[in-house]
Amino acid sequence: MGKTLFVLLGPTGVGKTERSLQIAELLGTPILNADSRQLFRDLPIGTAAPTAEQQARVKHHFVGTLGLEDYYSAAQYEVEVLQQLEEEFAHRDHALLTGGSMLYIDAVCKGIDDIPTISDAVRTTLKARYETEGHDRLAQELQLVDPDYYAIADLRNPKRIVHALEVYYESGRPYSSFRTAMHRQRPFHIVKIGLNRPRPELFERINSRVTQMVAEGLVEEAQRVLPFRHCNSLNTVGYKEMFRYLNGEWTLEFAMEKIRRNTRVYAKKQLTWFAHDEAIHWFHPDAEQEILDFVASCATTST
RNA sequence: GGUACCUUGACCGAGCGGUUAGGUAGCGGUCUGCAAAACCGUGUACGGCGGUUCGAAUCCGCCAGGUACCU
């Protein structure tokens, strides 16, 4: 008997939430969230997290489980979701993962290489060294320490260089030695359902959603988390702009316009990523019955 | 009515006789441990009409629009 994981994905603001609830109800499963920012509690409005009512309707996992200062990664997510899936599949044939965080979805579907977790000490040391010694010095160091990765790395991207060095200093082994590019086989089927709509339509929804978020109290929410503004969890569209407003640098109107733009940019990046995945079955979010029929047909053939 | 200053690509913005300014957005792309992150590629525009010049976004004249001050 085959187990099937349904993955509902799509750009931010496309309209995943309502469909995910319906699919969950159809399958009788909880929802495993695949949105890297909805993982954090205290950010319900700006991340458009499922509401209390929605969570009462369908049980959600991986929503609001992290504190703003917590360290988290796609690899941890992979481990935790796979654990949860094991539990789900123990008494059900289906599971549902929904969200738009591309790397997180890939981590669950394809796996991520086993790379040592970086200790705080190494992380802060490298961060400081990047600032004091500069980009070029660290890039040169990477060339010495890990010529293989240096040859293929995006050398202009600080995150890539710093991380490769972090891994080296953490483990004593070059970063490239951990990279296998191997897709892991999962003990279940995966059916990916993508939601998308014409870009003008998507952008229109994003624009008005920002207005709505502010009406629902985004400013107050940002005010509340302001003390944590330097945490990675708040290097997030919707918050970084509001902090500029709260700091008196921008007007509210300007900050909102920035949020709209940055959200649009994010949506485009998501679509670029998803475009490579030929396994995705695409639907317009309004094609409600079609989507549910598709899920139902996959559900019956897979069991 | 007069005087002065301004007018650059979707937007912001440099340029002061002869090189692609640059930034943001847009469009396209990268991505295996902070990913709603980080990074990369991509645009010959100078309000209109004349003139000066080998050559004008850059100088001159007129016109249009704008801003400031004056009567």
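The figures here come from the full heavy-atom set of this structure, side chains too, leaving out hydrogens, waters and symmetry mates. So you know, we letter chains A, B, ... as the sequences are listed, proteins then strands, and number each from 1.
B:U32: no Watson-Crick or G-U partner with both key distances under 3.5 Å is found in any strand. In a base pair of the Watson-Crick type (N1 to N3 plus N6-O4 or O6-N4) or a G-U wobble (N1-O2 and O6-N3), with each distance short of 3.5 Å, B:C62 is matched with B:G48. When Watson-Crick and G-U wobble pairs are counted only if both distances are under 3.5 Å, B:G22 pairs with B:C12. The partner of B:U3 is B:A68, by the rule that a Watson-Crick or G-U pair needs both atom distances under 3.5 Å.
Between A:Arg156 and B:G41 there is a side-chain polar atom (N or O) within less than 4.0 angstrom of OP1 or OP2. Taking side-chain N and O atoms only, A:Lys269 has no distance below 4.0 Å to OP1 or OP2 of B:G28. Between A:Arg179 and B:U32 there is a side-chain polar atom (N or O) within less than 4.0 angstrom of OP1 or OP2. Contact annotation: A:Arg199 side-chain N/O to B:G28 OP1/OP2 distance is under 4.0 Å. Side-chain N/O atoms of A:Arg123 include none lying less than 4.0 angstrom from OP1 or OP2 on B:G33. Distances shorter than 4.0 Å separate none of the side-chain N or O atoms of A:Arg37 from OP1 or OP2 on B:A37. Listed pair A:Tyr71 / B:G33 fails the phosphate criterion, with no side-chain N or O lying under 4.0 Å from OP1 or OP2. For A:Tyr77, no side-chain nitrogen or oxygen approaches OP1 or OP2 of B:C34 to under 4.0 Å.
Relative orientation of the A:Tyr77 and A:Tyr104 rings is tilted, given thresholds of 30° and 60° on the angle between their planes. The aromatic rings of A:His135 and A:Tyr130 sit perpendicular to each other, their planes meeting at more than 60°, with 30° as the lower class boundary. Taking the six-membered ring where the residue is Trp, A:Phe243 and A:Tyr239 present tilted rings, their angle falling between 30° and 60°. Classification of the A:Tyr149-A:Tyr175 ring pair by plane angle, with boundaries at 30° and 60°, yields perpendicular.
On the C1' atoms, B:A45 is 12 Å away from B:A21, given to the nearest whole Å. Atom name C1', nucleotides B:G41 and B:A25: the rounded distance is 16 Å, in whole Å. Distance noted for atom P between B:G43 and B:G66: 35 Å (whole Å). For B:G17 and B:C60, the C1' atoms lie 14 Å apart once the distance is rounded to whole Å. B:C16 and B:G28: their P atoms are spaced 36 Å apart (whole Å). The C1' atoms of B:G55 and B:U3 are separated by 34 Å, rounded to the nearest whole Å.
Counting non-hydrogen atoms under 4.0 angstrom, A:Ser101 reaches the backbone sugars and phosphates but no base. Contacts of A:Thr263 with the nucleic acid, taken as non-hydrogen atoms under 4.0 Å apart, are absent. Looking at heavy-atom distances under 4.0 Å, A:Tyr239 makes no contact with the nucleic acid at all. As judged by a 4.0 angstrom heavy-atom cut-off over every strand, A:Asp114 is placed among the base-contacting residues. As judged by a 4.0 angstrom heavy-atom cut-off over every strand, A:His276 is placed among residues touching the sugar-phosphate backbone only. In this structure, A:Val265 reaches the sugar-phosphate backbone alone: every heavy-atom distance under 4.0 Å involves primed, P, OP1 or OP2 atoms, never a base. Contacts of A:Gly46 with the nucleic acid, taken as non-hydrogen atoms under 4.0 Å apart, include base atoms. Residue contacts shown for A:Asp106 are absent, as no nucleic acid heavy atom lies under 4.0 Å away. Nucleic acid contact for A:Phe40: none, since no nucleic acid atom lies under 4.0 Å from a heavy atom of the residue. Contacts of A:Asn235 with the nucleic acid, taken as non-hydrogen atoms under 4.0 Å apart, involve only primed sugar atoms and P, OP1 or OP2.
Remark: the A:Thr117 side chain and the B:G33 base include a donor-acceptor N/O pair separated by less than 3.5 Å.
Taking CG from A:Asp146 and OG from A:Ser177, the interatomic distance works out to 7.5 Å, rounded to the nearest 0.5 Å. Here the CG atom belonging to A:Leu126 is positioned 10.0 Å from the CD atom belonging to A:Glu170, to the nearest 0.5 angstrom.
The side chain of A:His163 sits closest to B:G33 out of B:G33, B:C39, B:A35. Side chain of A:Lys258, nearest nucleotide from B:C39, B:U24, B:A35: B:U24.
The residue from A:Arg209, A:Lys269, A:Arg264 that alone fulfils the side-chain contact (heavy atoms from CB on, under 4.5 Å) condition with A:Thr12 is A:Arg209.
Atom CD of A:Gln76 and atom C1' of B:A35 are 14 Å apart (whole Å).
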